[in-house]
Engineer: 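I'd like to ask some things about the structure below.
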Protein chains: 2
Amino acid sequence: MTTATSPRALEHPTRDQIRLEAVLHALSDPVRLLIVRDMARERAELSCSYFDLPVTKSTTTHHFRVLREGGVIRQTYRGTAKLNALREDDLEALFPGLLGAVLAAAGAQAAREGEPGAQLS
Amino acid sequence: MTTATSPRALEHPTRDQIRLEAVLHALSDPVRLLIVRDMARERAELSCSYFDLPVTKSTTTHHFRVLREGGVIRQTYRGTAKLNALREDDLEALFPGLLGAVLAAAGAQAAREGEPGAQLS
DNA sequence: ACGGTAGTACGATAACCATCGTAGTACGGC
DNA sequence: GCCGTACTACGATGGTTATCGTACTACCGT
């Protein structure tokens with residue numbers, strides 16, 4: 001109802017609206033860090049259902065929204081799916097090296113704890 | 001009372017107890033980010049009262065504790081004062097480049113917003 | 001048109017957290 | 001011993017958040 005002209009528009013912060021605190025907060029949750037690591041590894045637009053997360057679908061939606069509103073990812077509708085992409089270019093322009101350092105740190109920590117054979121090639 | 005042998009011992013995580021999520025969370029608060037930036041700039045052990053923070057002393061204590069328990073800083077008693085030092089060596093060993101990237105990002109953001117003349121020499 | 005799949009919206013809940021004020025402890029100096 | 005300074009502990013409070021379940025919408029096949 002309400003016949004919205006674009007019923008599937010998504011709010012994204014522009015590049016200069018992205019705040020460092022929000023990015024760090026978005027990355028400080030284990031589930032969201034997992035999502036971001038997966039996206040960085042695949043380097044493609046992934047649908048939400050691609051991820052195998054230890055939470056329900058509602059919670060997944062919530063985490064993707066936090067990532068989107070923090071400016072970490074960009075979400076677009078593609079038919080019935082919603083594709084997610086890392087905003088690597090924007091983050092790199094604003095905070096050079098930050099995303100790479102966080103991803104490397106997450107990889108190092110994962111290699112230390114838990115998966116002793118999980119190194120990135 | 002209770003005659004504790006070291007009544008002024010402070011809990012610090014060991015290097016391998018430091019978790020990336022905790023570090024990112026500690027850095028995702030504006031007040032704490034300000035503290036860390038000051039410490040990185042001065043490169044010396046600073047007392048808590050050195051900082052001019054927009055919160056009360058109780059809240060300041062809380063923020064320093066979050067930073068300490070996250071493994072970002074090391075606190076030691078020196079008479080009536082408590083000296084704070086960045087754990088740059090531990091963080092660099094665990095997460096190479098992370099602290100530097102965050103500090104650079106914070107500096108860049110501060111230069112963009114608010115203080116248009118505040119560049120680091 | 002119908003059903004299935006993908007994701008959202010809306011509450012609800014419990015945990016966490018940033019903030020404060022007040023009262024208390026530790027130490028140095030007088 | 002007494003006082004001031006530096007910081008802490010405790011309790012309270014209000015806001016945010018991570019989580020869930022259920023009900024809903026949007027789109028694609030058939």
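Note that the structure is a prediction, hence the values are computed from the model and not measured. Chain letters run A, B, ... following the sequence lines, proteins first, then strands; residues in each count from 1.
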Engineer: When the distance from CZ of B:F64 to P of C:dT19 is rounded to whole Å, what number comes out?
Structural biologist: 13 Å
Engineer: Supply the atom-to-atom distance B:N84 CG to B:Y50 OH, rounded to the nearest 0.5 angstrom.
Structural biologist: 12.0 Å
Engineer: Within this structure, what is the CD-CZ distance for the pair A:E42 and A:R37, rounded to the nearest 0.5 Å?
Structural biologist: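 Spacing of CD (A:E42) from CZ (A:R37) equals 12.0 Å.
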Engineer: Identify whether any heavy atom of A:S58 sits under 4.0 Å from a base atom; if not, whether one sits that close to sugar-phosphate; answer base, sugar-phosphate or nothing.
Structural biologist: base
Engineer: Among D:dT19, C:dT19, C:dT5, which nucleotide has an atom closest to any side-chain atom of A:H62?
Structural biologist: D:dT19
Engineer: Expressed in angstrom and rounded to an integer, what is the separation of A:L10 atom CG from D:dT25 atom C1'?
Structural biologist: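 Atom-to-atom, A:L10 to D:dT25, this comes out as 14 Å.
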Engineer: Checking contacts here: which listed nucleotide (D:dT19, C:dA18, C:dG7) is nearest the side-chain heavy atoms of A:V31?
Structural biologist: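 For A:V31, the side-chain atoms sit closest to D:dT19.
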Engineer: In whole Å, I'd like the distance from the CG atom of A:L67 to the P atom of D:dT17.
Structural biologist: 13 Å
Engineer: Figure out the NE2/P separation between B:H63 and C:dC20, and round it to whole Å.
Structural biologist: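 Interatomic distance, NE2 of B:H63 to P of C:dC20: 8 Å.
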Engineer: What contact category does B:S47 fall into here, base, sugar-phosphate, or nothing, at under 4.0 angstrom with non-hydrogen atoms?
Structural biologist: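 Touches sugar-phosphate only.
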Engineer: Tell me the interatomic distance from A:L83, atom CG, to C:dT5, atom C1', rounded to whole angstroms.
Structural biologist: 15 Å
Engineer: Grab the CG-P distance between B:L24 and C:dC17 for me, whole Å please.
Structural biologist: 14 Å
Engineer: Within this structure, what is the CD-CG distance for the pair B:E21 and A:D29, rounded to the nearest 0.5 Å?
Structural biologist: 8.0 Å
Engineer: Quick one: pull up CZ in A:R41 and CG in A:L103 and give me the separation to the nearest 0.5 Å.
Structural biologist: 10.5 Å
Engineer: Below 4.0 angstrom from OP1 or OP2 of D:dC7, is there any side-chain N or O of B:T80?
Structural biologist: no
Engineer: Calculate the interatomic distance between B:E11 atom CD and D:dA9 atom P; express it in whole Å.
Structural biologist: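 Result: 11 Å.
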Engineer: Is any side-chain nitrogen or oxygen of B:T59 closer than 4.0 Å to OP1 or OP2 of C:dA18?
Structural biologist: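 B:T59 to C:dA18 OP1/OP2: no side-chain N or O under 4.0 Å.
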Engineer: Let me spell it out: for each of A:R78 and A:V55, pick the nucleotide of DNA chain D with the closest heavy atom. Which residue's pick is nearer the 5' end?
Structural biologist: A:V55
Engineer: Side chain of B:R65, heavy atoms from C-beta onward: which of C:dG7, D:dC20, D:dA9 has the nearest atom to it?
Structural biologist: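 Shortest atom-to-atom distance from the side chain points to D:dA9.
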Engineer: Measure the spacing between CZ of A:R78 and CG of A:L83 and express it to the nearest 0.5 Å.
Structural biologist: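 These two atoms lie 6.5 Å from each other.
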Engineer: Whole angstroms only, please: what is the CD1-C1' distance between B:I35 and C:dA18?
Structural biologist: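 Whole-Å distance recorded here is 12 Å.
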Engineer: Picking from C:dA18, C:dC27, D:dA18, which would you name as closest to the side chain of B:R32?
Structural biologist: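 Within the option list, the nearest is C:dA18.
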Engineer: Phosphate oxygens OP1/OP2 of C:dA18: is one of them under 4.0 Å from a side-chain N or O of B:H25?
Structural biologist: yes
